[in-house]
Amino acid sequence: MSFIGGVFTSLPKSYIRALAIAFPLILLFSSAAASAQEPLKVFKNRYVIEVNETASYDGAVSAAGHSRRSRNLERLGARVKRHLGNGRHGKMQLIESGAHVAADSAGALNAEEVVVEYDPNDDFCAKLLASGEASSCSPDFEIRALATPNDPSYPSLWGMNATSGIDAPSAWDISTGSQEVIVAVVDTGVDYSHPDLADNMWFNTGEVSGNGIDDDGNGYIDDVYGWNAVSNNGNPMDDNGHGTHCAGTIGGRGNNGIGVAGVNWSVKIMALKFLNANGSGSLSGAVSVLNYMNTMKQRGVNIRVSSNSWGGGGFSQSLYNAIAKARDLGIIFVAAAGNESNDNDASPSYPAGYELSNVVSVAALDQQRNAASFSNYGANTVDIAAPGVGILSTYPGNRYASLSGTSMATPHVSGALALLLASEAGLTADQAMERLYATGLPLSTLTGVVRTGRMLNAGRLLRNESNPLPAPTPAPTPCNYAISAVPFTPDSTAPSSTAVINADELSYYQVDLPFTFPYFGRDVSQIFVSPNGVVYTNGAPSGMDYLNGANAPLNSIAALHADLTTQDSPNAVRVKLETNRVTIFWQADAYGIKGQGAALVWLTINSDGTIDDFISFETSATMDYLQSRSTIGITGQQSSHTYTYAYNASKLQNGFAIRYTPLCTGDPNNGGDSGAVSKIELYGKNSKGRLSRRASSGKKVQISLNGTGNGTVEVSAAFNNRTCPTSGAASLQNGSAQLEAVLPRVPDQFSSFKVRSGAAKKSISIAHNKARSRHRSKRISSKRLQTLCEKLFSSLSSI
């Protein structure tokens, strides 16, 4: 991706037409880091999908459902190659397209034969999603592999000592591990015959090796030491070396008179292989082995920790779901932060960057306890550091080798957590992780580098020498916002402004604002515009952003966050700059139904902090399509600072118009005095403008706010005791504001109307036209209430 003339030039989006995204990943040891310029690679004609839940089937459904899906796939020239979970049926599947793709009876994935450069014109996922058979689809992207015992090489294990390492010897005074604790090593496999590992390998006692039978009925044949997703069999022998090296740091047999000692002298290592001899693998393989791990955990295997020394690239919904499942099962997911000297806060590295409570992200340290020059970091997203430079450990063929990388730091943490859980088996995953962080050794060199500012210390961990993490420096209280419906009055001249984006994806246009824009308590002078209906206020994303979520992305305004394309004329993104406001205009097709009419979106950012969002549609087909595929809202610097107006909701209609009003005009971050309301006066108005102690349905009401100071305050309302989901805003001048609104025609059930601002509130009764009054019907729906409230606040104005 390059930056030219204010625009990030893009690749076509069709290569990832998915709800799940995966980019090439690397084994995270520094000598094998791949170039950032390396072209994307995929497994030819293979795709990872999650079947649509509304059309899904499982073992309890008749064969008719399976046949229907098979026929639909056949129409697209595709078939299911493998189910990526337990048993014959499952939501996650690997499918292949193209009749020329030969099947093999073992279902093996031969990377050398089928890995090709990605074809940007591949639209298979788009067709599959349009068919309704899948809720997510992604090309099957290539993934690459990024103790004082009597063991003779122990003196070379600087990462274990007390001076520069994790102080393993004092931990070993308490425990040297337990064979009851199982660590899953997700990697290139493990040399389970290595003399320093053989005694510590997990063995599936329910399976008979080599008989070609699924003896324990878990859906996997001959899975004795774990699972191999590369060859689709139960032999996870390491043919690369990386996984064996990681396993040795976790559980090299200690005090056995040979080689090295791991953090655990006694443990059980489950080998999960999805990376091949070249250190490359696939998204489907990663999902497959994690699903195997989760299956075995559900069957009673005591897997407590998963060690993952691979990462990088983008977000994958399928991978996220598999890790979330592990979280629900009580498995800690330890992941390497990455080796690109990257700030993961600004540009997440996955899987370490998934916002899941069971993920522990690990940075690497050198022997001087400084962050390694290659290590990724992140004051908010990388959790802890551990030794990762020149680490000696086991290697295939009864050998030993020294490697460097966050790959080497990760198994130190995985091993220490296993050691703790051997010593205190009753700890939950959350308790073990809290203890890991609280007992870490604070280092000044890690302040602002990792979230805890600490490195792993195994001795303190097992002795529970906790130093509670200092409370984070409180950030300025961000603005609260009022969201109100407003009349549909977009800038009619914006569509004739100069086009700045004519692209589909990865084209972020930089706009230098002619004013400073207050946004969630922070001053913004530069924004980045995406063709997917989003404006970012703190830098552009590093990847594609067409996947909408329940809220707007961090530091963004989701005007209409959806899978849009402005690539085909007359579609475009246009920007109109004025002294006190900037309007961004999108004329864009919904990608899934290109050519069926554009969505027209106006987003106006005003210098006073208010934000106006106007949306219309050229056709009802586009409106109907985007109602279930878009997000409208705003989010600040934290996920808790979010206001979502619509997420996949039918309230998105032609002529949509809302305003976000900041309620922090008096905040020190924004300047000005604070305003507060202490009293409200509320009257109804008749057709002659006379005030009344009762409000009339369909007539105006007058609202007087009285208090102190100057500033914007929120105004909310309720009918009977049902509070409106939307609100409005008023500007206090010397503690006073006069407002007027039209009370919509409300059902007879509503007999009172209440207005609130801060702690002040006032209610009046509602008079209904008796001649029009009808029998009271069933309870008013939330949707009907929403409509009434939008009408109310769209009419709210100052007088």
Side-chain angles (χ1 to χ4, degrees), residues 147 159-160 162 165-168 170-172 174-178 181-184 246 249-251 262-264 267 303-309 323 326-327 330-337 344 351-365 369 371 375 377-388 406 408-443 446-447 449-472:
M160 299 291 180
I166 67 172
D167 189 18
S170 67
W172 293 332
I174 299 171
S175 174
T176 56
S178 168
V181 176
I182 299 168
V183 179
C246 293
T249 299
I250 295 168
V263 180
N264 296 265
V267 70
I303 306 166
R304 302 300 306 270
V305 181
S306 171
S307 191
N308 303 271
S309 291
I323 299 169
R327 173 204 60 196
I331 300 174
I332 302 171
F333 189 91
V334 185
N344 285 1
Y354 287 119
E355 293 186 19
L356 290 165
S357 60
N358 63 326
V359 174
V360 178
S361 177
V362 185
L365 294 175
R369 288 184 168 176
S375 180
Y377 56 93
N380 297 305
T381 55
V382 179
D383 298 307
I384 199 165
T406 52
M408 286 59 252
T410 298
H412 281 91
V413 175
S414 302
L417 285 167
L419 195 64
L420 172 63
L421 293 166
S423 177
E424 300 181 44
L427 291 177
T428 65
D430 287 342
Q431 290 170 336
M433 288 185 291
E434 289 172 8
R435 181 118 147 224
L436 171 73
Y437 303 139
T439 59
L441 182 66
L443 296 176
L446 293 179
T447 301
V449 176
V450 299
R451 180 178 61 83
T452 60
R454 302 178 180 194
M455 72 169 288
L456 167 68
N457 187 282
R460 290 165 58 96
L461 178 66
L462 264 67
R463 293 191 300 271
N464 196 17
E465 290 183 11
S466 296
N467 237 349
L469 293 175

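Below, each value reflects all heavy atoms present in this structure, side chains not excepted, and no hydrogens, waters or symmetry copies. Remember, it's a predicted structure, so these values are computed and weren't measured experimentally.
Remark: side-chain polar atoms of R454 are not paired, donor with acceptor, to backbone N or O of L443 under 3.5 angstrom. N264 places a side-chain N or O within 3.5 Å of a backbone atom of L419 that can act as its donor or acceptor partner. Side chain of N308 to main chain of S306: a donor-acceptor pair is present (N/O by atom type, distance under 3.5 Å, no hydrogens or angles). Panel note: side chain R327, backbone N358; no donor-acceptor pair is recorded below 3.5 Å.
Using modelled atom types, one finds a donor on one side chain and an acceptor on the other under 3.5 Å when comparing S414 with S307.
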Step by step, work out the side chain to side chain contact (heavy atoms under 4.5 Å, CB included) result for R304 and I182.
CA-CA 6 Å; R304 302 300 306 270; I182 299 168; over 6 Å; no

Could you go step by step and tell me if T428 and D430 meet the side-chain hydrogen bond (donor to acceptor under 3.5 Å, both in side chains) rule?
CA-CA 5 Å; T428 65; D430 287 342; 5.4 Å; no

Assess whether side chain to side chain contact (heavy atoms under 4.5 Å, CB included) is satisfied between L421 and V305, documenting all intermediate values.
CA-CA 9 Å; L421 293 166; V305 181; 4.2 Å; yes

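Rounding to the nearest 0.5 Å places CG of L462 at 8.5 Å from OG of S170. In this structure, I323 CD1 and L356 CG are separated by 6.5 Å, a value rounded to the nearest 0.5 Å.
Under the rule for a salt bridge (charged side-chain N to carboxylate O under 4.0 Å, His left out), the partners of R451 that lie at least two apart in sequence or sit in another chain are D383. For A363, the side chain to side chain contact (heavy atoms under 4.5 Å, CB included) test picks out S375, V382, A385, V450, with sequence neighbours left out.
The closest side-chain heavy-atom distance from V360 to Y437 is below 4.5 Å.
Of all heavy-atom pairs between A386 and H412, the closest is CB-CB, 4.0 Å.
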